[in-house]
Amino acid sequence: MKRYVVLVGLLASLALVATACGGGGGPTETGPTGATGGIPTGGILREETTDFGFTNAFDPTGEYLGTAWAIYGNFLLRGLVSYPWLPGEKGGNEPVPDLATDLGEVSADGLTITFTLKDGVMWQPPLNRPVTSQDVAFAFQRINTKSLIAQYGNYYCGTIVGMDCEGKSQEDPIEGIETPDDKTIIFHLERPTGDFLYRLAQPAAAPIPPEVAGCFDKAGEYGRYVMSNGPYMLLGSDELDISSCDTLEPIKGYDPDKFMYVVRNPNYDQATDENRKNYIDGWSYVINTNLDDIYNRVLNGEIDLAHGAPPAAILQQYLTNPDLQDNLKTNSGDRTWYLTMNLIVPPFDDIHVRKAANFVVDKAAMLQATGGPTTGEIATTIEPPTVLPDLADYDPYPSPNHAGDVEAAKAEMAQSKYDKNGDGVCDDPVCDNVLMINRNYEPWTEYTPILTENFKQIGINLKVRELDVSTAYTTIQTMSNLIPIAANAGWGKDYASPFGFDYFLFSTAGLSCEGAVNYSNIGLDEELAKECGDEVYEAWKAATDNGRNPLPNVDADMEACVAKPFGPEYNACWADLDRKIMEEIVPWVPYRWGSQNTVLADTVVAWEYDQSAGWTAYSRTAVNNGLTMDEVAQV
Amino acid sequence: MIRYIVRRLLWVLVTLLLITFLTYLIFFVMPPVHPEVIFAGKQPTPELVAEVRRQFGLDKPVVIQYALFVKRIFLGDEYGWPGLGFSFNTRSALKPIIYERFLITLQLALGAAVLWLVVGVPIGILSALRPRSILDRLAMGFALFGVSTPVFFLGPVMLYVFWFKLGWLPGSGFYSIAKYGVGTWFVHMIMPWSVLALAFAAFYARMTRGNLIEVMGEDYIRTARAKGLPERTVVAKHGLRASLTPVVTMLGLDLGGLLGGALITETVFNLQGLGNYAVQSVFSGDLYAILDVTIIAAFAVTLANLIVDIVYAFLDPRVRYT
């Protein structure tokens, strides 16, 4: 495809951009220049990225990229509930009313939730009309329409009565959604759902105007026509001719190949919104193919913000230069990096080997190889503490300074069927040339020697295959590849409820022959094993003694937790389940809770982190560059 | 001559068909990524994957897909003629994207070609006429430097020095003439042209020097001089004409190759041309975008070959086509 010298560099750069990282650090309402007094308004926040990376061409119904969620939430879409656009410690992961007057009225049985819409929330020009409950219902009709490929439709289908994500037309009403008048919407649920508010806070659940979106019945098509009911709108979207579907032309302020510009929405009423501060006059988001150039432009003040996680060299520069340290912001990324082990592939089909792996890995060395504490903190369980605070101090496989405990690992290995002489070192041939998939760029390549050395201490000789990020993922997602162990995987929350984190990772819903995300095959049954091919079926038979010892399954546990009322009881249930997974199933070696690092220019005078989307809270960011959109936009 | 050109054009067509079919096969035999899985999100359930596959037209047998692709190219698609399809990434028509990016690559390639000819050929001539002189040694030193300095090194260094440190030239990015005027366009292109042209200029200088030295030793040059022709005429009319024929061949091939995208230069200088797009498309498994860029690159090379062969007939009186 290309000359490989550049490919390697590009891959590394792109992947680093796409990767969330770990840490602590402090967000601030006063930025690097230490603006005193009031926060200035005006100016254009200029941001550059190497690639937009949208997963569904920016159509809110299916779009699954965190950046897109930040754009929708801060600028364009006001759902019934949303977030305060703050970091986790300031409540950034807690849903708050936005389009709705409150957090809804829940019936005694937990099956009916009623919301009332605020007055004064309008659609942008040329729609120029109030947002109605029918617009909210229409968003769910779109989620339910199969051809629109709602990429996280699973949070609604099977939960709201009448939704199965198999609908034929977005015009078809949903049985479990009532709109008795323009201001009221009632949801009927199949079962009590503790984290339903979080699901409503997702961008796909925000209202969508049928007069525009109704013209597009294929996935992603509406992405170039997104209408706003928020404080900003896409540049030029007010010029849309909505007299018919035929007269609609793509909005000029969004070229998916080049740029996206947003400007203030004249129909927005700040009095209806307690959470967005809207300091800037506009936002410019431009593709720049040269990652180094982007960071140099930030240093020069030619742009205000570099998108994504800074590469290691840039991070080092900001960490070591006292003049730049204040321009680097580090926040929790709500993301766990882990080794995944396959329950049907030797030697990891033995739980003692999996436990031994948890003891033997030197997580401190891996964190150091990643870039140190700025890139995250040592992970001791599945959920980051920002998602499940109950397990903040939980560490089932402790070791001094997290550097690995070889003796404890050997004690576990000695109990496995692969250590016949009980000396704590695997002596079975299955421990030779154990294939491990990894990514082919730093810091993952730095993990290879660490892990190879660690596993050698318990007799497992890893044969590491380093691949680009996409190939690595598709390799472990294809069940018939029977990958024993992989170091390439990471997982970030969809929303800050343990359900949104755990469900697909460990339930049978995350199993499929291709595209599985339950890489460990927890709950794999005979039927699916057969469907995925002879190799999988044979491996499944061997691992389960021909089905006599079925693989562990946590579906019922999850169902029980989901039905708990949201709050302490809900979290306790998930905490118990996580303990069960970590101690009785042991599919992972979690090693790092990643942080999100952000590099700002001196022109940014107020900045906040949006914990919900894991990126800059645009609605709380201010700049002093004094620019106008006319001076910035290349339209 | 007309029959020859028609025959060659038909071969161009066959070549293009072969290349695109091979590209298609490579994509499916060794897919760099699975687009249908990528665009089904983080939880690619079999139902979502199947629906994406259907919408992308990937649910049909490979041969049928290819036949439909060829049909669209010739007969057009819902976005007009030629039917270049749509991007999986943006769900938008590829034609305007490819067209815009081709224009950027064209401006980069043509500007660089002018520069390397203007610099490389005269240096080569001067070196050839004064072999082993100081000028010759300096020129060949330049050639050695140019040939051995990779673009991915020189580009960032030039950006760092002339934009970031000295501020003499503007930074990266493409600024079109239509929107920003000739001046802005020109100053933004200086560094990309220079970086891209350097290696070529060095190579052309060496080639011109070698050819000219060889030609200047030929009998007919001695005859020309013996007839009393002025040295300028000997060099320009008899020496250069023969020695530049291979240069024309190389120019055609190089330019043809560059029109498929000058990947590294485009990436370093944030010029969103075809090479850059090819990389992006491969990363995301954007099949039709990959195929479109392949077609343009292959077409440019084969067409350049044809043009070179035709120009040969005019440059070299011994060449005749039937």
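The figures that follow rest on heavy atoms only: side chains count, while hydrogens, waters and symmetry mates do not. Note that the coordinates shown come from a computational prediction; the quantities given were computed from them, not determined experimentally. Letters go in sequence order (proteins before strands), and every chain restarts at 1.
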note = Looking only at A/Pro256, A/Gly220, A/Ala219, A/Ala57, the option with the highest number of non-hydrogen pairs under 4.5 Å against chain B is A/Ala219
note = Applying a strict 4.5 Å limit to non-hydrogen atoms, the region of B/Val52 in contact with chain A is both
ask   = Relative to chain B, which segment of A/Phe504 carries a heavy atom at a distance below 4.5 Å: side chain, backbone, both, or neither?
value = side chain
key: Candidate pair B/Thr20 and B/Tyr66, rule side chain to side chain donor-acceptor pair (under 3.5 Å), full reasoning   = CA-CA 9 Å; B/Thr20 50; B/Tyr66 179 70; 2.8 Å; yes
ask   = What part of A/Ala516 lies closer than 4.5 angstrom to a heavy atom of chain B: side chain, backbone, both or neither?
value = neither
ask   = Would a 4.5 Å heavy-atom cut-off, applied to side chains only, mark B/Glu100 and A/Asp257 as touching?
value = no
task = Measure from the ring center of B/Phe186 to the ring center of B/Trp193 and say whether it is less than 6.0 Å.
result = yes
request  = Check whether B/Val49 gets within reach of chain A through its side chain, its backbone, both or neither, counting any heavy atom under 4.5 Å.
outcome  = neither
query = Is a salt bridge present between A/Glu514 and B/Arg53, judged by a nitrogen-to-oxygen distance below 4.0 Å?
reply = yes
ask   = Taking the six-membered ring where the residue is Trp, are the ring centres of A/Trp491 and A/Tyr519 under 6.0 Å apart?
value = no
query = Are the aromatic rings of A/Tyr155 and A/Tyr503 close, with centres under 6.0 Å apart?
reply = no
ask   = Hey, which of B/Tyr180, B/Phe88, B/Phe269 has the most heavy atom pairs under 4.5 Å with chain A?
value = B/Tyr180
remark   = The interface call for B/Phe86 against chain A, heavy-atom contacts under 4.5 Å, is neither
remark   = Ranking B/Asn89, B/Thr90, B/Thr294 by heavy-atom pairs under 4.5 Å to chain A gives rank one to B/Thr90
query = Can we say A/Arg142 and A/Asp59 salt-bridge, meaning some charged N sits less than 4.0 Å from an Asp/Glu carboxylate O?
reply = yes
inquiry  = Using side-chain heavy atoms (C-beta onward) and a distance below 4.5 Å, is A/Asn518 in contact with A/Ser507?
reply    = no
key: Residue, of A/Glu63, A/Glu221, A/Glu166, A/Arg297, that accumulates the most heavy atom pairs under 4.5 Å with chain B   = A/Arg297
message = Between B/Gln280, B/Gln55, B/Glu266, who has the most heavy-atom pairs with chain A when the cutoff is under 4.5 Å?
response = B/Gln55
query = chain B: which of A/Ser512, A/Ser147, A/Gly510 shares the most heavy-atom pairs with it under 4.5 Å?
reply = A/Ser147
ask   = So among A/Asp494, A/Thr55, A/Asn56, which one has a side chain to side chain donor-acceptor pair (under 3.5 Å) with A/Tyr64?
value = A/Asp494
task = Check each atom of B/Glu51 against the heavy atoms of chain A and say whether the ones under 4.5 Å are side chain, backbone, both or neither.
result = both
task = Would you mind checking which part of A/Leu511 comes under 4.5 Å of any heavy atom in chain B, side chain (CB onward), backbone (N, CA, C, O), both or neither?
result = neither
